[in-house]
Amino acid sequence: MGGHQPVRSASDDRGMDAANIGALLVVSFGGPESADDVEPFLLRVTGGRGVPAHRVAKVAERYRALGGVSPLNQANRALIERLRAQAVARGLGASVYLGNRNCEPFLGDVMARMREDGVRRASVFITSAFSSYSGCRQYRENLYDASAGHGIDLKVLPRFFDHTVLRDIWADRIVESWPTGNPVLVFVTHSLPTAMAKGLGPGGGYLPQHRHLARAVVAACSPRLAGPLPFRLAFQSRSGPPDQPWLEPDINEVVAQAAGDGHDSCVVAPIGFCAENLEIMWDLDVAAAQTAREHGVDFHRLALPQSDDRFPGMVWDLVRRYPRGHLCDPDCCPNPRGARPATGDAKRA
């Protein structure tokens, strides 16, 4: 990918040409729909990655303790319905589809359905705002595989960490929830191996993109809260062997440190995610909240942005601005297990 993208803003959708869109495909991670579906789901997620069986069993136990039903799937279904309603209202004539990596509806099945519906071209919105292998390139590899033989021209939309709608949703939620006393703002995202988080994607990749969004959100909040906000960036869901360096500090360490620094509450904004999922529920609502209680700190975890009424408008804004999609450098967010073709890769000169 090229250099950092300028901050984008949402605007109206006049000039959007339905003939050039064809359809909109929303692509997401997916989640289990029942306690019985937890193990099959996790095996799909970890397949081919050499994850020890005891690690899978531990995560499965946590998921079942939360009921085993991921809120992510319902959040995505709700997003699809809102996008469809807006497509009709705006006269776009575009069909809207949902395809998942790890649960039904699987991408391959959705591609077959799109082909049967006569779709020949589609804009693709991946529900991940940041550049990383798992959050961008792996989805594009999945799209390449799933679209084979279907003759559908897919235009992948860019990562949207710098979109002003995303910034404004987070800023509004922070301001509305900001407590009295001596609070601290904690931004949280998914940890990654440090080797996978450097120098990839626009703006320097995964970690710099999060820092960019965090600073933009704080700048939007500060005038409304009478001064600069103290904030920290923390990580959750670390996995992998103990000797492999991952992004730190962990959210639990940050909460404990906040208490040691005299803060009486933490406002936690999970900026690395767009919609609720079981990982957030366990790592934040269970584990980090318990750490906060043990240290006498109030814990305020904010809702995710995909539920905001402005989120679908941001998606349509990206479709309007990128009718031909956005091409990625083949070296952007590389596959750690070896090069594979991916939809949306730019051709080398």
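We use all heavy atoms of the structure for the numbers below, so side chains are in, but hydrogens, waters and symmetry mates are not. For clarity, every value in this text was computed on a predicted model and none was experimentally measured.
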**Request:** Check the pair Asp317 / Arg310 against salt bridge (Lys or Arg N to Asp or Glu O under 4.0 Å), numbers first and verdict last.
**Result:** CA-CA 11 Å; Asp317 182 64; Arg310 291 168 286 184; over 6 Å; no
**Prompt:** Any luck finding a side-chain donor-acceptor pair between Tyr63 and Glu39 under 3.5 Å?
**Reply:** no
**Pro183 and Trp178, any side-chain heavy atoms less than 4.5 Å apart** = yes
**Asked** Does Tyr144 OH have over 12 foreign heavy atoms under 6.0 Å away?
**Response** no
**Message:** Using the rule given for side chain to side chain donor-acceptor pair (under 3.5 Å), can you reason through His300 versus Ser177, listing the C-alpha separation, both sets of side-chain angles and the distance that settles it, and then say yes or no?
**Reply:** CA-CA 8 Å; His300 307 273; Ser177 302; over 6 Å; no
**Prompt:** Between atom CD1 of Ile80 and atom CG of Leu98, what is the distance when rounded to the nearest 0.5 Å?
**Reply:** 4.5 Å
**Asked** Is the distance between the ring centroids of His210 and Phe130 under 6.0 Å?
**Response** yes
**Asked** Can Gln236 and Asp250 be said to form a side chain to side chain donor-acceptor pair (under 3.5 Å), step by step?
**Response** CA-CA 6 Å; Gln236 68 167 82; Asp250 180 79; over 6 Å; no
**Request:** Verify whether one side chain among Gln306 and Thr127 offers a donor that lies under 3.5 Å from an acceptor in the other.
**Result:** no
**Message:** Does either side chain, that of Trp246 or that of Gln244, offer a donor lying less than 3.5 Å from an acceptor on the other one?
**Reply:** yes
**Prompt:** Ignoring hydrogens and geometry, is there a side-chain-to-backbone donor-acceptor pair from Arg159 to Leu157 under 3.5 Å?
**Reply:** yes
**Ring geometry between Phe273 and His190 (parallel below 30°, tilted from 30 to 60°, perpendicular above 60°)** = tilted
**Message:** Would you say that more than 12 heavy atoms from the other residues, nucleotides or ligands in this model lie under 6.0 Å from the CD of Glu294, or not?
**Reply:** yes
**Asked** Would you say Asp264's side chain and Val297's backbone share a donor-acceptor pair under 3.5 angstrom?
**Response** no
**Request:** Evaluate the side chain to side chain donor-acceptor pair (under 3.5 Å) criterion for residues Asn277 and Ser70: first the C-alpha distance (whole Å), next the side-chain angles of each, then the deciding distance (0.1 Å), finally the verdict.
**Result:** CA-CA 6 Å; Asn277 63 57; Ser70 175; over 6 Å; no
**Message:** Using modelled atom types and a 3.5 Å cut-off, is there a donor and acceptor pairing between side-chain atoms of Asp37 and backbone atoms of Glu33?
**Reply:** yes
**Side-chain donor-acceptor contact under 3.5 Å, Thr343 with Tyr139** = no
**Request:** Check whether NZ of the Lys or CZ of the Arg Arg113 lies under 6.0 Å from the centre of the six-membered ring of Tyr97 and within 45 degrees of that ring's axis.
**Result:** no
**Request:** Taking atom types as modelled, find out whether His263 and Gln257 have a side-chain donor-acceptor pair closer than 3.5 angstrom.
**Result:** no
**Item:** The single option from Asp345, Asn142, Asn335 passing side chain to side chain donor-acceptor pair (under 3.5 Å) against Arg137
**Value:** Asp345
**Asked** Is it the case that more than 12 heavy atoms not belonging to Arg337 sit under 6.0 Å from its CZ atom?
**Response** yes
**Asked** Quick one: do the Thr291 and Asn252 side chains pair a donor with an acceptor below 3.5 Å?
**Response** yes
**Request:** Could you tell me which non-hydrogen atom of Arg140 sits nearest to which non-hydrogen atom of Gly344, and how far apart they are?
**Result:** NH1-C, 3.6 Å
**Item:** Ion pair check, Asp117 and Arg115, cut-off under 4.0 Å
**Value:** no
**Item:** Leu192 vs Ser132 side-chain heavy atoms within contact, under 4.5 Å
**Value:** yes
**Asked** Does some side-chain heavy atom of Tyr133 sit less than 4.5 Å from a side-chain heavy atom of Pro336?
**Response** yes
**Asked** Quick one: do Arg340 and Asp145 make a salt bridge, cutoff under 4.0 Å?
**Response** yes
**Asked** Looking at Asp283 and Arg238, does any basic side-chain N land under 4.0 Å from a carboxylate oxygen?
**Response** no
**Asked** Is there a donor-acceptor pair closer than 3.5 Å between any side-chain N or O of Gln209 and the backbone N or O of Ser131?
**Response** yes
